[in-house]
Amino acid sequence: MRILQLHSDFIVFKPLEKEIEIAEEAKKEENRIEEALVLFIAIEEGDNSALAEKAIDDTRAFLGKLGANRILIYPFAHLSSNLSKPTEALKIICAMEAYAKNKGVETYRAPFGWNKQFTISIKGHPLAEQSRSYTPESQNVVPCESKQEETVSEALKAEDTMKSYWHVLQTDGSLVPIEEFKFKGNSNLQKFSQYEIKKTRAVTQMPPHVPLMKRLEIADYEAGSDPGNIRWYPKGRLIKSLLEQYVSARVAEYGGMEVETPLMYDFNHPSLSSYLNRFPARQYVLKSEDKELFLRFAACFGQFLIAHDAQFSYKQMPVKLYELTRYSFRREKSGEVVGLKRLRAFTMPDCHALCTDIEQAKKEFIIRFDLCIDVLDNIGLTKDDYEIAIRFTREFYNEHGDFIAAVAAKFGKPILAEVWNERFFYFALKWDLNFIDNQDKAAALSTDQIDVENAKRYGITYVDEKGEKQFPLILHCSPSGAIERDIYALLEKAYREQMKGKPPMLPLWLSPTQVRLIPISDKFLDQVEVLAKQVESHCIRVDIDDSASTLQKKIREAEQEWVPYIIVVGEKEINSGLLSVRIREVKGSQQQMTVDNLISKVTEKIAGKPYKPLPLPMYISKRPQFHG
RNA sequence: GCCUCGAUAGCUCAGCCCGGUAGAGCGGCUGCCUUGUAAGCAGCAGGCCGCGGGAUCAAGGCCCGCUCGAGGCUCCA
């Protein structure tokens, strides 16, 4: 049995023609049912009344969640290629109807055996669309030894031959089905069997960036909040802050005017409500006295409301508004929230450009495309790290095919294209750039879109040459994507480098410690501090390992912290002024240089990037540990 | 949201199958060592065994619910 279950605002259906001999009697008139959970059902070979009851029980569970109690049973053969005989199907459909009514559900039914016409309006919430499938086997669990010989199709037999049955061979020679074996105290065997059964790489492991973000004291989960709302330690806050500063600076350079808008909005504001009702389950909702508010899930509202009240003409356009949202909130489904990859509260740079017409929009689009690629490159993510998808309608392609071709040529790598026959989103053209992680999963970073709908929805207008009000096109661009996601991508990339035998590291400008000084003994601490002050005065983050452990251990710990430059300072260095610098980038090989050489080498590498001082005490002995 | 798995010291994990005194390594603290490029030695402290309920003379271990995490599915405007 297959069921497509849709939570509808309303459905209208009209029986047209009888399709089969045994069709039920029905009038050829329109039926309209409001607010019903519609069940499109196909009855398959072997389905029985027990299954019918099970399906209705599941539906009732859903009704409970939805706070609804009205269903429409709609026979719909097209869901299956293994249909039962119509007489059987009709019996089961009737059984379902009777059972549902019996259980107190307000039940309607479309006639069986008719060719029907229907119109349906589906609610947008996540539970609105469900598909389910039932088989008799999943219903009745029959013990193996009592299973009767039955006629089995060739296809099923073939499937049976190919299917693996897994067991564990115990020390006494007995076999235990893998499901029944308790692996406690045998974890290697467990890992091995999982590996064998799944026949894939060890994907059962956590995404690599999660243990890294904890071990490097960047960020961590916060059980005291909601999933996907995380805590940032000093080093992580530094990295995040530098990225925020960098992206904002680049957008400012491009001409984005930075604004700040509220985090929460009134559900009943007229401009917002029509847009919002499509996504009712995605927001954090909060009640405050007599108001219902939602936490913003993007910067769009705030900027649109500003644009709505602003006065501008074609002479000022494109008008570019920018905000770095800390935070945007999206109540992603619990199973989808992972590490720094997918959060419920995240930091999103978002720049809107209001353009007069499609020609101006196209011109701006290209400028921003270049900006995005360059911003990511400077963050440390190159074209080898991501893939681009571009999405548009056929109509847009017919009119602007050469433009799309130009974008592709600019990128110089094949692009995945998604083409629609009709536009059903608010944009006519969109691209997004996707990082591919170590589990071969994609996560979108930068994106830009040409929005052809929201100016009208929000009442945003500009004045044209003739003094008439016009609706602008709105470009939505995030040059870097979510800042947290950039850090996820950098950590995943570092892990990948490590797997390739290269030392994992962050870009120099983002490394919390850029230079670590290790005095060979306490005797040299004073001189080392003088050296540190000198380096620090050139906007380089330098610290001193004055802890009580051995030299070798201090080097090991600096390497595990991914410190790019490690310098041991003893009598030789103090006397000669020549430092032996251990360089992570080239696998920890050492190079002799003076302090000035070191300073200019580092300064050159971080030129053009923002600087913030060390987020922790310079002396390592003074630092708390944030993660074991 | 669904299915599966997990949660024991600050961290990583053993103990659970078969109920009967809470374990290791790392980290921390104290002391020794004062060091030349990836783990020096010794001692000490550290536990509501995620939370709540149940069965049991007795639960870290069994049963049920919840929270949080992970993998898969679904989703990703």
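Below, read A as the first sequence line, B as the second, and so on, with proteins coming before strands; counting in each chain starts at 1.
- Across all strands shown, B/rC26 is found opposite B/rG10 as a Watson-Crick or G-U wobble partner, with both distances under 3.5 Å.
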Can I get a per-line list of side-chain donor-acceptor pairs under 3.5 Å for residues 564-572 of chain A, giving both atom names and the distance, sequence neighbours left out?
none

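- Across the C1' atoms, B/rC26 and B/rU21 are found 26 Å apart, a figure rounded to whole Å.
- The local environment of CD in A/Glu497 is crowded, with over 12 non-hydrogen atoms from other residues, nucleotides or ligands closer than 6.0 Å.
- Of the nucleotides present, B/rC41 is the one that pairs with B/rG31 by Watson-Crick or G-U wobble criteria, both distances under 3.5 Å.
- Using atom P as the reference point in both B/rC13 and B/rG19, the two lie 27 Å apart (nearest Å).
- A salt bridge (charged side-chain N to carboxylate O under 4.0 Å, His left out) check over residues 576-588 of chain A, counting only residues at least two apart or in different chains, returns the pairs A/Glu559-A/Arg582, A/Glu559-A/Arg584, A/Glu585-A/Lys605.
- Considering only side-chain atoms of A/Glu573, the nucleotide from B/rA70, B/rG36, B/rC75 that sits closest is B/rG36.
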Any chance you could list the contact pattern along nucleotides 43-51 of chain B? Use B for base contacts, S for sugar-phosphate-only contacts and - for none, protein heavy atoms under 4.0 Å, 5' to 3'.
-> ---------
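- Pairing of B/rG50, defined by two Watson-Crick or G-U wobble distances under 3.5 Å, is identified with B/rC66.
- Searching all strands for a Watson-Crick or G-U wobble partner of B/rG36 with both distances below 3.5 Å returns nothing.
- Nucleotides B/rG54 and B/rA14 have their C1' atoms positioned 28 Å apart, rounded to a whole Å.
- Side-chain N/O atoms of A/Glu387 and A/Asn434 include no donor and acceptor closer than 3.5 Å.
- Nearest to the side-chain atoms of A/Val338 among the listed nucleotides B/rG71, B/rG1, B/rA38 stands B/rG71.
- Between B/rA70, B/rA38, B/rC75, one nucleotide has an atom nearer to the side chain of A/Glu336 than all others, and that is B/rC75.
- Heavy atoms of A/Gly339 sit under 4.0 angstrom from primed sugar atoms or phosphate atoms, though from no base atom.
- Counting atom types as modelled, A/Gln590 pairs no side-chain N or O with a base atom of B/rG36 as donor and acceptor under 3.5 Å.
- By the ring-ring contact (aromatic ring centres under 6.0 Å, His included) test, A/Tyr221 is found to be paired with no residue, residues two or more places apart in sequence or in another chain being considered.
- In the set B/rG69, B/rA77, B/rG36, B/rG69 carries the atom at the smallest distance from any side-chain atom of A/Pro227.
- Along RNA chain B, the nucleotide nearest A/Val569 and the nucleotide nearest A/Arg344 are compared for position; the residue whose nucleotide lies closer to the 5' end is A/Arg344.
- The ring-ring contact (aromatic ring centres under 6.0 Å, His included) test applied to A/His209 returns A/Tyr488, not counting sequence neighbours.
- Taking the C1' atoms as reference points, B/rC18 lies 38 Å from B/rG43, given to the whole Å.
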Nucleotide by nucleotide, 5' to 3', does protein get under 4.0 Å of the base (B), only the sugar-phosphate (S), or neither (-) in nucleotides 28-35 of chain B, counting heavy atoms?
-> S-----BB
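- Atom C1' of nucleotide B/rA77 and atom CD1 of A/Ile474 are separated by 15 Å, given to the nearest angstrom.
- For the pair A/Ile583 CD1 and B/rU37 C1', the interatomic distance rounds to 13 Å; values are reported in whole Å.
- Residue A/Arg342 places its side chain closer to B/rC76 than to any other of B/rC76, B/rG36, B/rG71.
- For A/Ile460 against A/Phe471, the heavy-atom pair with the smallest separation is O-CD2, 3.2 Å.
- Using atom P as the reference point in both B/rG71 and B/rU56, the two lie 40 Å apart (nearest Å).
- When the side-chain nitrogen and oxygen atoms of A/Arg582 are compared with OP1 and OP2 of B/rG36, none of them lie within a distance under 4.0 Å.
- Taking each heavy atom of A/Ala494 and A/Pro504 in turn, the nearest pair found is O-CB, 3.4 Å.
- Checking B/rG36, B/rA77, B/rG71 against the side-chain heavy atoms of A/Lys572 singles out B/rG36 as nearest.
- Nearest heavy atom pair, residue A/Ser478 against residue A/Pro349, reads OG-O, 2.6 Å.
- Counting any heavy atom pair closer than 4.0 Å across all strands shown, A/Val337 reaches sugar-phosphate atoms only and no base atom.
- Under the side-chain hydrogen bond (donor to acceptor under 3.5 Å, both in side chains) criterion, A/Ser511 pairs with no residue at all, not counting sequence neighbours.
- Evaluation of the side-chain contact (heavy atoms from CB on, under 4.5 Å) rule for A/Tyr265 yields A/Thr261, A/Pro262, A/Leu272, A/Phe294, A/Arg296, A/Phe301, A/Leu305 as partners, not counting sequence neighbours.
- One can place CD1 of A/Ile555 at 7 Å from P of B/rU37, the figure rounded to the nearest angstrom.
- Checking B/rC75 for Watson-Crick or G-U wobble geometry (two distances, each under 3.5 Å) identifies no partner in any strand.
- Rounded to whole Å, atom P of B/rG36 lies 11 Å from atom CZ of A/Phe524.
- Straight-line distance between the C1' atoms of B/rA59 and B/rG15: roughly 14 Å, to the nearest whole Å.
- A glycosidic torsion no more than 90° from 0 defines the syn conformation; B/rG50 lies beyond that range and is anti.
- Each of B/rA39, B/rA77, B/rU74 was ranked by its minimum atom distance to the side chain of A/Phe427; first place goes to B/rA77.
- Remark: the separation of the C1' atoms in B/rU8 and B/rG1 is 30 Å, to the nearest Å.
- Using atom P as the reference point in both B/rG65 and B/rC5, the two lie 13 Å apart (nearest Å).
- Comparing A/Glu571 and A/Asp226 against RNA chain B, the residue whose closest nucleotide sits nearer the 5' end is A/Glu571.
- Note on residues 514-524 of chain A: pairs passing side-chain hydrogen bond (donor to acceptor under 3.5 Å, both in side chains), not counting sequence neighbours, are A/Arg516-A/Asp543, A/Arg516-A/Glu561.
- Of the candidates B/rU37, B/rC11, B/rU74, B/rC11 carries the atom nearest the A/His627 side chain, counting heavy atoms from C-beta on.
- A/Glu222 comes within 4.0 angstrom of nothing in the nucleic acid, heavy atoms only.
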